[in-house]
Amino acid sequence: MVTVVSAILRRDLELGFRRWGDVASPLMFFAIVTALFPLALSPAREVLQGLGPGVLWIAALLAMLLSLNALFRQDLEDGSMEQLVVGPHPLPLIMLAKALAHWLLSGLPLVLLAPLLAVTYHLPAEGVRALCVTLLLGTPTLSLLGSVGAALTAGVRQSGGLLALLILPLCLPVLMFGSRATALAAEGEVVTGPLYLLGALLALAVTLVPATSSAAIRISLD
Amino acid sequence: MKLPTWFHKLGSPPHFYRLATLLTPWFYVPAVLLLLAGTYGGLVLAPADYQQGDGFRIIYVHVPSAYLSTMVYGVMAVASAIGLIWRMKLAHSVAAAAAPIGAWFTFLALVTGAIWGKPMWGTYWEWDPRLTSELILLFIYLGYISLRGAFDDRDKADRACAVLALVGVVNLPIIHYSVIWWSSIHQGPTIKKLDAPSITGDMLWPLLVMILAYTLIFAALLLQRVRAEVLDRERNARWVLDIMGAPAQGN
């Protein structure tokens, strides 16, 4: 089991690193979207401090969404997904490994870039720390939820807008708790409550998503 | 699991089609009668509210639509589960037929709520947990309908949509409990199962009549839509050609 997971992780990460553009484009998207708000609304310090948590979280969510389209596309095109499905290893575990690889390639870089962008929004140190922690807890949930949507729409021609319509309603709790916790922390409040809830959502997603996304990919394949 | 025979028979399209044709008027007629009775009771007989005056009367369209917006989703999810588990094609037809009806009830609930909100809360829209979760329900319905439209292969669409419908079920308890969990501008539940209702009898009975009327209308619309769906899916089957009086052709 461990060898399957590590083999899939290694393969997906290697493929990801060979296509630098795919890994870098969500990051650049994240940076550009956050740069739009000060230009469009106001560069004033207090405005940005108020907007920061929400804007950074929304930009991160959209950046994750951007990279989801390609999650299973290549595997479906070159037939390796079929091999994984008919293979002897449990499909939910494979789907979990794929979601983890997706998070490592597109979620983790966002978490690493976020503090830099948070500083340009004049968030205090507490807020920056909360942003990183909430993104660290929230983006894996987004990867997992996204893998269900990507698996459902894998066999569909133009899946971009459809994927957003399917996934965004489900992502709202993560967005709500994540941005609220960041905003509260920036005001110096205690944020253990929303953090626990984000953790609970992640635990729930890790439990339920692999079975769901493997059912969905089976449907898309036959 | 052993299933009774009538359940299997229900899964046969011609049998269901005949049954639905027979039943549809039995839902439509009482629905219209109850609708008339409930409208008269709600608009004329019920006394004006001591706080909201005559404005509260929109409850007689708002509450039934809101109730059905979640109820229809429940029907859709159960039908999807049956379709996935027992691979019953008819159950998928039911889910497919229910989705647009549910979307319209959700839309109605949102619109009547906005009309009610303007005089009572002073605003058409408030980013409140219940309103927001109802809006999300509308998006889930629209996502479901779009996903169904995106597939060329109907069989694939059925099963993919069923998975989506089951995933979307997480939203139902959030809508139901949103008024209790979060401090909300929306009033709490008026009718409780285990408790005395917080509404006087004169106002209550038209509401119950309206809820029943809406439910019957939903049942009638659903049967009619499922019949159309079944005909469309089975358009090359012998029994459909017989009903339509068309000569058999390789279409």
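First the proteins, then the strands, lettered A, B, ... as listed; each starts at 1.
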- Note on the structure: Turns out that what part of A:L168 lies under 4.5 Å from chain B's heavy atoms comes down to neither
- Item | Within 6.0 angstrom of B:R233 CZ, more than 12 heavy atoms from elsewhere | yes
- Item | Partner of B:S146 by side-chain contact (heavy atoms from CB on, under 4.5 Å), out of A:L165, A:V156, A:T153 | A:L165
- Query: Would you say B:K156 has more than 12 foreign heavy atoms packed within less than 6.0 Å of its NZ?
  - Reply: yes
- Which of the residues B:A150, B:A157, B:C161 is involved in the greatest number of heavy-atom pairs with chain A at under 4.5 angstrom? B:A150
- Does B:R87 CZ have over 12 foreign heavy atoms under 6.0 Å away? no
- So which residues of residues 189-196 of chain A are in contact with chain B at a heavy-atom cut-off of under 4.5 Å? none
- Message: Surrounding CZ of B:F139 (heavy atoms of other residues, nucleotides or ligands, distance under 6.0 Å), is the total greater than 12?
- Response: no
- Rounded distance [0.5 Å steps], CZ in B:R159 versus CG in A:L152: 12.0 Å
- Task: Rounded to the nearest 0.5 Å, what's the gap from CG on A:L162 to CG on B:L147? Could you check?
- Result: 5.5 Å
- Item | Which portion of A:L170 sits near chain B, non-hydrogen atoms under 4.5 angstrom | side chain
- Item | Residue of the set B:D158, B:D155, B:V163 for which side-chain contact (heavy atoms from CB on, under 4.5 Å) holds with A:I219 | B:V163
- Ranked by heavy-atom pairs below 4.5 Å to chain B, first place among A:P169, A:G161, A:G149 goes to A:P169
